[in-house]
Protein chains: 2
Amino acid sequence: MTTTRPGGRSARVRSAVLRAAGDMLAEQGFGHLDLAEIGRRAVVGKTTVYRRWGTVAALVADLLDEMAEESLPRTDTGTLLGDLTANARLVADTLTDPRQGPLFAALIASATCDERTAQALHQFYETRVAEWAPCVEQAIARGEVPAGTDPGEVIRAVSAPLYYRLLTTATPPDHTVADRAATAAAVAAERGVYVPAE
Amino acid sequence: MTTTRPGGRSARVRSAVLRAAGDMLAEQGFGHLDLAEIGRRAVVGKTTVYRRWGTVAALVADLLDEMAEESLPRTDTGTLLGDLTANARLVADTLTDPRQGPLFAALIASATCDERTAQALHQFYETRVAEWAPCVEQAIARGEVPAGTDPGEVIRAVSAPLYYRLLTTATPPDHTVADRAATAAAVAAERGVYVPAE
DNA sequence: AGCTTAATGGAACTATAGTTCCGTTAAGGG
DNA sequence: CCCTTAACGGAACTATAGTTCCATTAAGCT
């Protein structure tokens, strides 16, 4: 009988390798990054790393799959602006974090090089957006924003300026930028900007 | 006497290599990209490429420097919303273009791996933002938006959602998304969202 | 036109990323 | 507790990215 073995050692190896990969991505980006060194840091034979993942891109894709599973809890402040501001600050804090910021930049960079990685990244953000979408739905229910407002678009409108800053400027997003992004999204949403034209 | 030789052959080599680099970046991303193949496509000895640029990142930085020099003309429609919409559509068209879209993604990816490349990218976007900032200044003069509004922030607010879509979703920005981004930025700007606190 | 030398490019070389082989370890069923 | 075999890991091997050497070409000056 051919049983697959997800238990004990394999799982330990996977988590050690994914952790090492995340660390190295955060430290030196995904450019000159080789699987052998990841294996060395994870104290795992490089043969194993090459066999199970094969390429840096595939490893990143796996890391993204794992990251998509761990969801972080949504805040509920009772108002759209409050919720969006909480979200914006959370994202800004993540992108400003010395490990997480470079890590996210590296993940996005990896996705531009490999189709499978890109899919994993898209899935990750789809999940994240879906987690926060309810706060817009509640705002619709409360009558803060017009019915028909696209929740995902509002959530993305909050994150977009923060990521844009991270990637294209020398100044990562702070709380000022975060609050501004949240306010802009809330204002636009109230005005019905995120209601798709019929 | 030690004269530098910017003329004829050197310039021809540089432009051939930069063009080839841009093509290959657009086609296969900046991941598995080696200078030898770029040289081959540019019909330039690989020794020359290695000597003049040394690394992929340095070559991308040079490409960005060149791209920052060629400015594309700004539209002037007479209203902030009109100008921002024109800008948004221009950016969206660029990011949707089969060559330019992947190229910009690759440039951003490269910048996450190398400090010098990141600086070149930041400079590039600073230039682009500065080119469009006047349309916000005109809007301030016309009284469409409050005095003190940060022109750069408004321009970035227009581009951000488009780039965010390019990088984190499976659906590149179309004119619908572009118009929405422009409208959202205009609405928020009118409301004084981009006026820094006191 | 002729001279000097910066810049190029082919070929041979080195280093490092990635693969194959095979003996060893331990997960999981009997 | 033992047996089977999926998964691991060290070592030797191959492939490809990157470097060095030197002969050749052509800017740019007189």
Side-chain angles (χ1 to χ4, degrees), chain A residues 1-21 23-25 27-63 65-66 106 109-110 113-114 116-117, chain B residues 1-21 23-25 27-63 65-66 106 109-110 113-114 116-117:
Chain A
M1 183 209 277
T2 310
T3 51
T4 179
R5 296 185 186 182
R9 186 165 62 163
S10 291
R12 210 159 50 245
V13 164
R14 176 169 181 254
S15 93
V17 170
L18 290 185
R19 174 195 301 275
D23 288 347
M24 297 192 67
L25 278 174
E27 287 166 21
Q28 49 182 272
F30 112 108
H32 32 77
L33 183 60
D34 81 287
L35 297 185
E37 199 177 341
I38 291 176
R40 213 174 304 136
R41 185 184 291 215
V43 196
V44 164
K46 78 168 182 172
T47 311
T48 299
V49 181
Y50 276 106
R51 182 171 33 233
R52 283 187 58 172
W53 290 279
T55 69
V56 175
L59 179 51
V60 174
D62 195 28
L63 177 60
D65 286 342
E66 195 197 52
S110 306
C113 298
D114 180 77
R116 262 176 41 77
T117 310
Chain B
M1 183 209 278
T2 311
T3 51
T4 179
R5 295 184 187 181
R9 186 165 63 161
S10 291
R12 208 158 52 242
V13 164
R14 176 169 181 254
S15 91
V17 169
L18 291 185
R19 173 195 303 275
D23 288 347
M24 298 193 66
L25 278 174
E27 286 166 22
Q28 48 181 274
F30 112 106
H32 31 78
L33 184 60
D34 81 288
L35 298 185
E37 199 177 340
I38 291 175
R40 212 172 306 136
R41 186 183 291 215
V43 196
V44 164
K46 77 169 183 172
T47 311
T48 300
V49 181
Y50 276 106
R51 183 172 31 234
R52 283 185 58 171
W53 289 279
T55 67
V56 174
L59 178 51
V60 173
D62 195 28
L63 178 59
D65 286 342
E66 195 197 52
S110 306
C113 298
D114 181 77
R116 262 176 42 76
T117 310

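By convention in this document, chain letters (A, B, ...) are assigned in the order of the sequence lines, proteins followed by strands, and residues within each chain are numbered from 1. These numbers come from a predicted model, not from an experiment.
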**Prompt:** Closer to the 5' end of DNA chain D via nearest nucleotide, is it Lys46(A) or Thr47(B)?
**Reply:**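 That would be Lys46(A).
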**Message:** With a 4.0 Å cutoff (strictly under), does any side-chain N or O of Thr48(B) reach OP1 or OP2 of dG9(C)?
**Reply:**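 Checking dG9(C) against Thr48(B), a side-chain N or O does come within under 4.0 Å of OP1 or OP2.
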**Asked** Do any side-chain nitrogens or oxygens of Tyr50(B) fall under 4.0 Å of OP1 or OP2 in dG18(D)?
**Response**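 Yes, because at least one side-chain N or O of Tyr50(B) sits under 4.0 Å from OP1 or OP2 of dG18(D).
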More than 12 heavy atoms from other groups under 6.0 Å of [atom1] on [X]:
| X | atom1 | answer |
| --- | --- | --- |
| Arg116(B) | CZ | no |
| Arg41(A) | CZ | yes |
| Arg14(A) | CZ | yes |

**Prompt:** How would you label the contact of Arg52(A) with the nucleic acid (heavy atoms, under 4.0 Å): base, sugar-phosphate, or nothing?
**Reply:**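 Sugar-phosphate, no base atom in range.
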Could you tell me the separation between the [atom1] atom of [X] and the [atom2] atom of [N], rounded to a whole number of Å?
| X | N | atom1 | atom2 | result |
| --- | --- | --- | --- | --- |
| Leu33(B) | dG18(D) | CG | P | 9 Å |
| Trp53(A) | dC8(D) | CH2 | C1' | 12 Å |
| Arg14(B) | dA27(D) | CZ | C1' | 18 Å |
| Ile38(B) | dG18(D) | CD1 | P | 10 Å |
| Arg51(B) | dT25(D) | CZ | C1' | 12 Å |
| Arg12(A) | dG9(D) | CZ | P | 10 Å |
| His32(B) | dA15(D) | NE2 | C1' | 16 Å |
| Gln28(A) | dA17(C) | CD | P | 10 Å |

Candidate nucleotides [options], ranked by approach to the side chain of [X] - the nearest:
| X | options | answer |
| --- | --- | --- |
| Ser10(B) | dA17(D), dA7(C), dG9(D) | dA7(C) |
| Asp34(A) | dG18(C), dT8(C), dA17(D) | dG18(C) |
| Val13(B) | dT8(C), dA7(D), dA17(D) | dT8(C) |

**Message:** Keeping Thr117(B) on the side-chain end and Val60(B) on the backbone end, is there a donor-acceptor pair under 3.5 Å?
**Reply:**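 No.
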**Asked** Side chains of Val17(B) and Arg52(B): does their closest heavy-atom pair fall under 4.5 Å?
**Response**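 Not in contact.
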